[in-house]
Peer 1: 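I'd like to ask some things about the structure below.
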Amino acid sequence: DGGITQSPKYLFRKEGQNVTLSCEQNLNHDAMYWYRQDPGQGLRLIYYSQIVNDFQKGDIAEGYSVSREKKESFPLTVTSAQKNPTAFYLCASSIGLAGDTQYFGPGTRLTVL
Amino acid sequence: AQSVTQPDIHITVSEGASLELRCNYSYGATPYLFWYVQSPGQGLQLLLKYFSGDTLVQGIKGFEAEFKRSQSSFNLRKPSVHWSDAAEYFCAVGAGGATNKLIFGTGTLLAVQP
């Protein structure tokens with residue numbers, strides 16, 4: 001089945017630790033995205049990548065980093081510099097052209113203790 | 001800058017009643033508009049989208065939306081709500097330019113009474 005997988009579904013980390021969230025897609029999509037979701041705030045774009053080896057900051061990139069070494073994979077690292085990392089993180093992908101549908105993964109809930 | 005407003009944070013309807021969720025956008029040209037649905041703890045699923053042409057768009061699960069340029073609105077409707085429609089609904093607008101960035105509204109949480 002084609003789709004987007006995110007792992008793990010739940011993640012707990014101690015304050016001050018970096019943590020990496022996985023996102024993999026087998027849809028052959030060029031573009032991938034990371035969003036953060038907080039109650040009452042909708043989805044906010046962290047980073048996006050239009051093509052392999054290239055990515056751009058979104059609206060709330062501070063404290064996060066990404067890489068795009070393979071078309072299928074777009075991991076997100078939440079660093080210790082992120083002041084309030086506890087949130088629900090969603091990965092998405094699309095063909096990449098303006099107006100294309102973005103397809104979402106099931107999300108990872110990160111809790112920093 | 002592009003923006004999306006969903007004025008209703010929480011709506012409760014009775015099963016079998018009609019539904020309308022409001023969405024207003026700010027965008028200079030003809031926008032790409034989307035409605036997504038999210039069940040608790042899950043990812044988002046596309047309900048429907050508008051690019052151009054017919055202003056009444058049909059989607060999955062019996063939903064439809066109407067693009068009204070004069071009102072900068074893209075309201076989502078369903079004639080008869082089912083208990084399984086209880087979820088959070090997000091309206092989004094394409095950010096424009098060459099990328100496929102989306103700007104999301106803050107969402108409307110729908111509860112369905114038996």
Side-chain angles (χ1 to χ4, degrees), chain A residues 3-11 21 23-25 27 29-51 54-61 87-111, chain B residues 1-10 21-25 27-53 57 59-60 67 74 87-109:
Chain A
I4 302 174
T5 57
Q6 292 186 242
S7 60
K9 187 168 180 63
Y10 299 97
L11 191 54
L21 282 58
C23 177
E24 304 275 335
Q25 54 98 0
L27 300 168
H29 284 168
D30 284 316
M32 297 186 75
Y33 313 80
W34 274 106
Y35 293 91
R36 170 180 171 139
Q37 185 177 22
D38 298 281
Q41 296 196 48
L43 278 70
R44 294 181 289 169
L45 183 65
I46 304 173
Y47 269 98
Y48 66 101
S49 169
Q50 298 268 98
I51 199 168
D54 186 48
F55 49 83
Q56 284 80 40
K57 293 181 179 179
D59 301 318
I60 56 164
F88 191 52
Y89 291 88
L90 287 159
C91 178
S93 72
S94 73
I95 295 173
L97 299 176
D100 284 339
T101 298
Q102 290 188 18
Y103 295 88
F104 284 81
T108 292
R109 184 165 299 281
L110 172 64
T111 302
Chain B
Q2 297 88 351
S3 65
V4 175
T5 301
Q6 293 181 249
D8 303 306
I9 296 172
H10 191 194
L21 302 182
R22 296 184 290 165
C23 173
N24 293 98
Y25 67 89
Y27 190 77
T30 300
Y32 299 121
L33 292 162
F34 304 80
W35 273 101
Y36 284 88
V37 61
Q38 183 182 34
S39 297
Q42 302 296 318
L44 276 66
Q45 181 185 23
L46 180 73
L47 286 175
L48 48 79
K49 59 184 178 183
Y50 171 79
F51 288 174
S52 64
V57 181
I60 62 171
F67 170 60
F74 188 56
E88 191 156 21
Y89 292 80
F90 292 93
C91 182
V93 64
T99 72
N100 195 23
K101 289 171 57 178
L102 294 180
I103 308 298
F104 283 85
T106 52
T108 297
L109 186 62

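Side chains included, hydrogens not; waters and symmetry mates left out as well; all remaining heavy atoms used. Reminder, nothing fancy here: chain letters follow the sequence lines and each chain counts from 1.
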Peer 1: Nearest 0.5 Å, what's the CD-CD distance between B/Glu88 and A/Gln37?
Peer 2: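 Those atoms lie 6.5 Å apart.
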Peer 1: Can you measure from OH (B/Tyr36) to CZ (A/Phe104) and round to the nearest 0.5 angstrom?
Peer 2: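 One gets 5.0 Å once the value is rounded to the nearest 0.5 Å.
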Peer 1: Can you say whether B/Leu102 sits under 4.5 Å from chain A via the side chain, the backbone, both, or neither, judging by heavy atoms?
Peer 2: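 Contact with chain A is through both the backbone and side chain of B/Leu102.
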Peer 1: The criterion is salt bridge (Lys or Arg N to Asp or Glu O under 4.0 Å); which residues satisfy it with A/Arg44, sequence neighbours excluded?
Peer 2: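 For A/Arg44, the residues satisfying salt bridge (Lys or Arg N to Asp or Glu O under 4.0 Å) (neighbours in sequence not counted) are A/Asp38.
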Peer 1: For the candidates A/Gly107, A/Pro106, A/Gly40, A/Cys91, which exhibits the highest count of non-hydrogen atom pairs separated by less than 4.5 Å from chain B?
Peer 2: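 Most heavy-atom pairs under 4.5 Å with chain B: A/Pro106.
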Peer 1: Give every donor-acceptor pair under 3.5 Å between a side-chain atom in residues 44-52 of chain B and any protein atom, sequence neighbours left out.
Peer 2:
residue: B/Gln45; atom: OE1; partner: B/Lys61; partner atom: NZ; Å: 3.2
residue: B/Lys49; atom: NZ; partner: A/Thr101; partner atom: OG1; Å: 2.6

Peer 1: Shortest non-hydrogen contact from B/Gln38 to A/Phe88?
Peer 2: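 Reported closest heavy-atom pair: NE2-CE2, 3.6 Å.
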Peer 1: CD1/B/Ile103 to CG/A/Leu43 distance, rounded to the nearest 0.5 angstrom?
Peer 2: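 It is 11.0 Å, given to the nearest 0.5 Å.
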Peer 1: Against chain B, label A/Gln41 side chain, backbone, both or neither, depending on which of its atoms sit under 4.5 Å from a heavy atom there.
Peer 2: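 It is the backbone, since no side chain atom gets that close.
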Peer 1: Tell me if a side-chain donor or acceptor on A/Lys9 pairs with a main-chain N or O of B/Gly41 at a distance below 3.5 Å.
Peer 2: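 Judged by distance alone, yes, a pair lies under 3.5 Å.
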Peer 1: Is it true that, when you exclude B/Ile60 itself, more than 12 heavy atoms of the residues, nucleotides or ligands shown sit nearer than 6.0 Å to its CD1?
Peer 2: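 Yes, enclosed.
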